[in-house]
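Reading through the structure tokens given below for one structure.
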Amino acid sequence: RGWSGTRAPDGAPNILLLVIDTLRADRLSCYGNPRPASGAIDRLARQGVLFAETIAPAPLTQPSVATILTGLYPAAAGVINHPNRLEEDRSTLAEILRDAGYKTAFANPHPLLTPAWGFDRGWHEYRYLHKPSRFEASLLADLLRRLRLRGLRVGYQADTVTDFAVEVLSRNRSKPFFLYAHYLDPHFPYVPPRPFDRLFANEEAPRLLDKRLPDGRRRIFSIEASQRQMEETVALYDAEIAFTSREISRLLSTLDRLGLSDRTLVALTADHGESLGEQGLFFAHTHYLYDPTQHVPLILRFPDRFPRGTIVEAQAGLADLAPTLLDAAGIRPSMEMEGRSLLPLLRGEETEGRFAFAENGRTIARSGEEENPRWLVEGDAGKWRMIRADGWKLIRIPTPSGSVYELYDLTSDPGETTNLADRRTDIMKRLLAPLEEWRLASESGSIAETEIDEETLEGLRSLGYVQ
């Protein structure tokens, strides 16, 4: 498979990977949110290294998690849409660490990160923690939840992930372990459990902004909402983050209690962010490539090895995470990986950021969401693609008459409101060549469509992806 098969050296660290689904960086206090929703995550950042500019390769889960686990961009991993199967000839982080002598475990609540899609490879223990009933996934159940007439506990709540992760830690105290805990709660619908549902929002009910088209699909573009509705919905999103942060605190406290913290590398990140109304996309992701969905947190803590309280300003990408974790474990990263270890940045051996690329995704079959009005060419040929480097972002958008480009100076225009493509031809020239090289490489292989099994459909209905 193109990797060295290196055994982990004596004293190799445990690795705890925390991926929080749909978490945009700027909703954490350590990234600037004044609302106190992320206490445990903020403490983790103070104890370790915070990467200020980390970019997801796609605004949807399967491609981004495939990148996290392989160090490859989505096309090279064979995962560019929901749903695609992770290519079997691609080495995963779990397989490499398992073969290097690690005990591996995955706590997963997401219906697209299951064995049906190839995400079970390399794990000694794999636990799927999200099995909603047909009623839980129905529009009626969603309505009753919003009216507070039925307080359902859906299977993907953060406490179930932490419960399993704590169980794994208690059984793996001697052999080095790689534990991946995926937290899904910030994903829409934002239904935090009590008392978190009243943490930042005060209206009685219904508060959740969930508008529907006549055919039942959720409005995410053509939406009319009052300022109060918007604020209440963002408050519920932040409350989901607060609940997840509490559960992460419980997991990190378990590390302390078991005496594992000093020899455990903790990595916290997200698969993608969430648009909270920016650029006309409301409480969704998947569709655009602006920073609300692409800028994700990345925090690494390894006591006595990584400097405390450090902020790395150089840009990084999720493709860099797998080679970084392997590097820290003393295992030579696979030659096939497209990402590069971030450890040189901590040692001062690099000061420049790297290119980060991304592509968006097509609306899923039988979608439960409104169609993207700016997907202007049918099929994967309509994909947007992006390069981000040195404080600039260039987006390529296909149209029937040719590509159009958006260029943003993220330093002076972090909201990406002023397109400079016609004015900064020097930046266009510098970024367009590597973007086109990456785009052509990512389009060179075809990704087969895969039939969606009923269990996956049930999970996708509960997340609003299908009707």
Side-chain angles (χ1 to χ4, degrees), residues 24-26 28 30-32 49-59 64 67-68 71-76 269-270 272-273 278-279 288-300 310-324 337-360 383-397 403-442:
R24 53 190 275 174
D26 65 0
L28 301 175
C30 54
Y31 282 88
V49 179
L50 180 148
F51 290 82
E53 300 287 339
T54 304
I55 307 305
S64 276
T67 292
I68 289 171
L72 299 169
Y73 276 99
T269 190
H272 55 76
E278 295 90 354
Q279 281 84 23
Y288 290 165
L289 293 176
Y290 302 109
D291 267 13
T293 63
Q294 303 313 119
H295 182 204
V296 296
L298 177 60
I299 298 167
L300 302 178
T310 300
I311 298 177
V312 175
E313 299 289 351
Q315 180 177 274
L318 289 184
D320 299 324
L321 185 53
T324 300
M337 290 184 176
E338 295 176 296
R340 290 183 291 156
S341 172
L342 297 170
L343 298 193
L345 293 174
L346 304 186
R347 298 190 292 262
E349 296 171 11
E350 290 184 36
T351 57
E352 299 297 324
R354 299 100 180 270
F355 288 147
F357 301 96
E359 60 185 85
N360 65 347
K383 273 181 170 289
W384 296 20
R385 287 182 170 84
M386 175 204 91
I387 184 172
R388 195 181 189 278
D390 303 323
W392 291 89
K393 176 187 288 187
L394 177 62
I395 302 173
R396 176 187 183 272
I397 304 174
S403 298
V404 298
Y405 294 92
E406 296 181 2
L407 177 68
Y408 297 105
D409 180 351
L410 300 172
T411 303
S412 63
D413 180 26
E416 300 166 273
T417 60
T418 304
N419 182 6
L420 300 176
D422 293 334
R423 282 178 268 176
R424 292 303 305 268
T425 55
D426 57 329
I427 303 296
M428 283 287 296
K429 183 178 180 180
R430 179 155 61 90
L431 295 182
L432 188 56
L435 176 60
E436 283 300 289
E437 181 181 356
W438 179 76
R439 179 183 69 84
L440 292 172
S442 67

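Using a 4.5 Å heavy-atom cutoff, the side chains of Leu432 and Tyr405 are in contact. Ser442 has its side chain out of reach of Lys383: every pair of non-hydrogen atoms, C-beta onward, lies at least 4.5 Å apart. Put simply, the side chain of Thr418 reaches to within 4.5 Å of the side chain of Arg423, judged on heavy atoms. Looking only at side-chain heavy atoms (C-beta outward), Leu342 and Leu346 stay at 4.5 Å or farther from each other. Between Trp392 and Arg424 the shortest side-chain heavy-atom distance falls below 4.5 Å. For the pair Glu53/Leu410, no side-chain contact is recorded, criterion being any heavy-atom separation below 4.5 Å from C-beta on.
Nearest heavy atom pair, residue Glu416 against residue Pro292, reads OE1-CD, 4.0 Å. Of all heavy-atom pairs between Ile395 and Met386, the closest is CG1-CG, 4.1 Å. The two residues Ala52 and Ile311 make their nearest non-hydrogen contact at CB-CG2, 4.2 Å. Ala358 and Ala56 get closest at one heavy-atom pair: CB-O, 3.6 Å. Taking each heavy atom of Cys30 and Ile299 in turn, the nearest pair found is SG-CD1, 4.2 Å. Taking both residues in full, the closest heavy atoms of Pro59 and Gln294 are given as CB-OE1, 3.1 Å, listed atom of the first, atom of the second, then distance.
Heavy atoms from other residues, nucleotides or ligands lying under 6.0 Å from CG of Asp422 number 12 at most. Counting heavy atoms of neighbouring residues, nucleotides and ligands inside a 6.0 Å radius, atom CD of Glu437 does not exceed 12 of them.
Ring centroids of Phe355 and Trp438 are separated by 6.0 Å or more, keeping the two rings apart.
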Evaluate Asp291 against Tyr408 for side chain to side chain contact (heavy atoms under 4.5 Å, CB included), listing each step before the verdict. CA-CA 11 Å; Asp291 267 13; Tyr408 297 105; over 6 Å; no

What's the verdict on side chain to side chain contact (heavy atoms under 4.5 Å, CB included) for Glu436 and Arg396, showing C-alpha distance, side-chain angles and the deciding distance? CA-CA 9 Å; Glu436 283 300 289; Arg396 176 187 183 272; 3.5 Å; yes

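Of the possible donor and acceptor atoms, none in the side chain of His295 sits under 3.5 Å from a partner among the backbone N and O of Tyr290. A donor-acceptor contact shorter than 3.5 Å is absent between the side chain of Thr67 and the backbone of Leu318. Side-chain atoms of Lys393 never come within 3.5 Å of backbone atoms of Arg388 as a donor-acceptor pair (strictly under, hydrogens ignored). No side-chain donor-acceptor contact under 3.5 Å links Thr293 to the backbone of Gly273. Here the side chain of Glu359 pairs no donor or acceptor atom with the backbone of Trp384 at under 3.5 angstrom. Using modelled atom types, one side-chain atom of Tyr73 and one backbone atom of Phe357 make a donor-acceptor pair closer than 3.5 Å. Side chain of Thr269 to backbone of Pro297: a donor-acceptor contact under 3.5 angstrom is found. Distance alone, capped at 3.5 Å, is enough to place a donor-acceptor pair between the Arg354 side chain and the Arg340 backbone.
Distance check: Leu394 CG to Ile387 CD1 gives 7.5 Å after rounding to the nearest 0.5 Å. Here the straight-line distance linking atom CG of Leu321 with atom CG of Leu300 works out to 7.0 Å at 0.5 Å rounding. Distance check: Thr54 OG1 to Leu298 CG gives 4.5 Å after rounding to the nearest 0.5 Å. Interatomic distance, Met428 CE to Leu407 CG, rounded to the nearest 0.5 Å: 6.5 Å.
By the 4.0 Å N-to-carboxylate-O rule, Asp390 lies close enough to Arg430 to be salt-bridged with it.
A donor and an acceptor atom, one from each side chain of Asp413 and Thr417, are located under 3.5 Å apart.
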